[in-house]
Amino acid sequence: MKKSLFAIACILAVVACKQSSTKEPVEDSTIASEVQKMALEEPVSAEEVRHEYLSQDLATFELYGRVQSVTYTQEHSFPITVQFNDTGNVTAIVRVVSEEEKENAEVQYNDANRIEYIRFESDSPWVTILGYEEGDGFRAPRTYTSSNQVGNYIEETYHRDSKGLVTNVEVQEVVHFGTVENDEAVSIEFSDFDKKGNWLKCTIKHGDTAFVKVRAITYFP
């Protein structure tokens with residue numbers, strides 16, 4: 001079964017991505033420069049900032065402040081950049097496949113004006129489906145589901161603390177409509193917070209497997 005959750009969460013960026021392409025990911029020099037620059041900044045505690053989302057799209061990607069773009073990088077995965085306008089609405093989600101090739105995602109909203117589907121054409125028929133708790137206000141997603149829409153999917157349910165950080169994840173995998181038993185625990189550690197209180201590094205462990213996601217964030221002046 002193909003595992004291809006869009007994980008922006010840690011979209012979050014908490015989910016492992018297995019690319020179907022045989023091409024090797026390339027390192028974007030701009031992304032590397034941003035990550036290096038942020039690494040030199042003095043980190044702050046998540047306790048030192050006010051955690052308040054300025055728009056629903058920023059909440060979807062768990063971003064505080066007037067964010068212009070966020071780029072997610074992970075070893076063996078293609079970098080993904082989410083771009084926002086000055087009111088906090090998503091204008092594009094772009095995956096860097098190679099120096100010459102970039103792919104834009106298709107994004108669909110639900111009736112509550114929250115992002116519900118994210119799809120890259122090269123991953124078809126797989127899509128990422130986001131689920132939210134009911135209620136008003138800007139909310140981060142509760143569930144992320146990678147599905148081929150014909151009986152195969154992985155669903156991750158996130159539990160968060162009062163600051164919105166994920167503390168626990170429940171994973172359910174279904175293959176050909178049958179549940180796959182897996183009792184391996186998932187642990188998440190956020191680190192390297194910037195001055196807006198946004199995490200820049202996320203370490204995820206699933207059983208004996210561990211991987212690190214890094215976010216490079218730019219802000220409107």
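This is a predicted model, so every value here is computed, not measured. Position 1 is the first residue of the sequence; numbering continues from there.
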Peer 1: Would you name the heavy atoms of Val90 and Asp57 that are closest together and state the gap between them?
Peer 2: N-OD2, 2.7 Å

Peer 1: Picking from Leu130, Ile129, Ile154, what satisfies side chain to side chain contact (heavy atoms under 4.5 Å, CB included) with Tyr144?
Peer 2: Leu130

Peer 1: In Å and rounded to the nearest 0.5 Å, what is the NZ to CD distance from Lys213 to Glu75?
Peer 2: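 Output value for this atom pair is 12.0 Å.
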
Peer 1: Is a donor on one side and an acceptor on the other found under 3.5 Å between the side chain of Asn85 and the backbone of Gly88?
Peer 2: yes

Peer 1: Excluding sequence neighbours, so at least two apart, what forms side-chain contact (heavy atoms from CB on, under 4.5 Å) with Val212?
Peer 2: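 In terms of side-chain contact (heavy atoms from CB on, under 4.5 Å), with neighbours along the sequence ignored, Val212 is linked to Lys201, Thr203, Val214.
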
Peer 1: Got a sec, which residues hit salt bridge (Lys or Arg N to Asp or Glu O under 4.0 Å) with Glu103, two or more places apart in sequence or on another chain?
Peer 2: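 Partners of Glu103 by the salt bridge (Lys or Arg N to Asp or Glu O under 4.0 Å) criterion, ordered by chain and then number, come out as Arg95.
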
Peer 1: Any chance you could lay out the side-chain contact (heavy atoms from CB on, under 4.5 Å) test for Thr179 and Gln172, step after step, and finish with the verdict?
Peer 2: CA-CA 7 Å; Thr179 301; Gln172 181 182 49; 4.1 Å; yes

Peer 1: Using side-chain heavy atoms (C-beta onward) and a distance below 4.5 Å, is Leu200 in contact with Ile217?
Peer 2: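 Side chain of Leu200 against side chain of Ile217, heavy atoms only: contact under 4.5 Å found.
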
Peer 1: Is there a donor-acceptor pair under 3.5 Å between the side chain of Gln108 and the backbone N or O of Ile115?
Peer 2: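 No; judged by distance alone, with no hydrogens or angles, the pair does not exist.
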
Peer 1: Counting C-beta onward and ignoring hydrogens, is there a side-chain heavy-atom pair between Thr60 and Tyr132 closer than 4.5 Å?
Peer 2: yes

Peer 1: Do Arg139 and Glu134 sit within salt-bridge range, that is, some charged N less than 4.0 Å from a carboxylate O?
Peer 2: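 No.
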
Peer 1: Do Glu62 and Trp199 have side chains that approach each other closer than 4.5 Å (heavy atoms only, starting at C-beta)?
Peer 2: yes

Peer 1: Would you confirm whether Asn152, through its side chain, and His176, through its main-chain N or O, come within 3.5 Å as a donor-acceptor pair?
Peer 2: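 Yes, because the side chain of Asn152 sits within donor-acceptor range (under 3.5 Å) of the backbone of His176.
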
Peer 1: Keeping Ser147 on the side-chain end and Gln149 on the backbone end, is there a donor-acceptor pair under 3.5 Å?
Peer 2: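 Indeed, once roles are kept as given, a pair shorter than 3.5 Å links the two residues.
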
Peer 1: Considering only heavy atoms from C-beta outward, does the side chain of Val180 approach that of Val174 to under 4.5 Å?
Peer 2: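 In short, these two side chains do not touch, never coming nearer than 4.5 Å.
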
Peer 1: For the CG atom of Asn148 and the CG atom of Asp123, what is their distance to the nearest 0.5 Å?
Peer 2: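 So the gap between those two atoms works out to 12.0 Å.
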
Peer 1: Taking only residues two or more places apart in sequence or in another chain, which ones pass side-chain contact (heavy atoms from CB on, under 4.5 Å) with Thr209?
Peer 2: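 Listed in chain order: nothing, the list is empty.
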
Peer 1: List in chain and number order the residues that pass side-chain contact (heavy atoms from CB on, under 4.5 Å) with Thr157, two or more places apart in sequence or in another chain; answer none if no residue qualifies.
Peer 2: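 Only Arg142, Thr143, Glu155, His159, Glu170 meet the side-chain contact (heavy atoms from CB on, under 4.5 Å) criterion with Thr157.
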
Peer 1: Find the distance between CG (Asp192) and CZ (Phe190) and round it off to the nearest 0.5 Å.
Peer 2: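 Nearest 0.5 Å value for the CG-CZ distance: 12.5 Å.
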
Peer 1: With rounding to the nearest 0.5 angstrom, report the CZ to CD1 distance, Phe211 to Ile204.
Peer 2: 4.0 Å

Peer 1: Using the rule that two of Ile, Leu, Val, Met, Phe, Trp, Tyr join whenever any of their side-chain heavy atoms come within less than 4.5 Å, decide whether Ile80 and Val94 are in one cluster.
Peer 2: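 In one cluster with Ile80: Val94, no.
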
Peer 1: What's the separation between atom CZ in Arg215 and atom OG1 in Thr71, rounded to the nearest 0.5 Å?
Peer 2: 11.0 Å

Peer 1: Would you say the ring centers of Tyr117 and Tyr109 fall short of 6.0 Å from each other?
Peer 2: no

Peer 1: Looking only at non-hydrogen atoms, find the nearest pair between Pro79 and Thr73 and report the distance.
Peer 2: CB-CG2, 4.1 Å

Peer 1: With sequence neighbours left out, what residues match Tyr53 under ring-ring contact (aromatic ring centres under 6.0 Å, His included)?
Peer 2: Tyr64

Peer 1: Taking the side chain as everything from C-beta on, heavy atoms only, tell me whether Thr81 gets closer than 4.5 Å to Ile93.
Peer 2: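 A side-chain contact under 4.5 Å is absent here.
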
Peer 1: Would you check, one step at a time, whether the test side-chain contact (heavy atoms from CB on, under 4.5 Å) holds for Val127 with Phe120?
Peer 2: CA-CA 7 Å; Val127 299; Phe120 287 99; over 6 Å; no

Peer 1: Measure across Lys205 and Ala210 and return the closest heavy-atom pair with its distance rounded to 0.1 Å.
Peer 2: CG-CB, 3.8 Å

Peer 1: Determine, stepwise, if the pair Tyr219 / Asp194 fulfils side-chain contact (heavy atoms from CB on, under 4.5 Å).
Peer 2: CA-CA 11 Å; Tyr219 296 89; Asp194 67 11; 2.5 Å; yes

Peer 1: In sequence, state the C-alpha distance, the side-chain angles, and the governing distance for Asn89 and Thr87, and then conclude on side chain to side chain donor-acceptor pair (under 3.5 Å).
Peer 2: CA-CA 6 Å; Asn89 295 321; Thr87 60; 3.2 Å; yes

Peer 1: For a quick test of reading the model, state the closest non-hydrogen atom pair linking Val82 to Tyr72 and the distance between them.
Peer 2: CG2-CE1, 4.3 Å

Peer 1: Can you list every pair that meets salt bridge (charged side-chain N to carboxylate O under 4.0 Å, His left out) and has a residue in residues 105-119, with sequence neighbours left out?
Peer 2: Glu106-Arg119, Arg119-Glu121

Peer 1: State, yes or no, whether a side-chain contact exists between Trp126 and Ser146 at a heavy-atom distance under 4.5 Å.
Peer 2: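 Touching, per the 4.5 Å side-chain cut-off.
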
Peer 1: Go through the steps for Phe78 and Glu101 under the test side-chain contact (heavy atoms from CB on, under 4.5 Å), then give the verdict.
Peer 2: CA-CA 11 Å; Phe78 299 130; Glu101 183 180 356; over 6 Å; no

Peer 1: With a 4.5 Å heavy-atom cut-off, do Val171 and Val186 have their side chains touching?
Peer 2: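 Yes, side chains in contact.
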
Peer 1: Taking it one step at a time, do Thr218 and Ser69 satisfy side chain to side chain donor-acceptor pair (under 3.5 Å)?
Peer 2: CA-CA 5 Å; Thr218 61; Ser69 69; 2.6 Å; yes

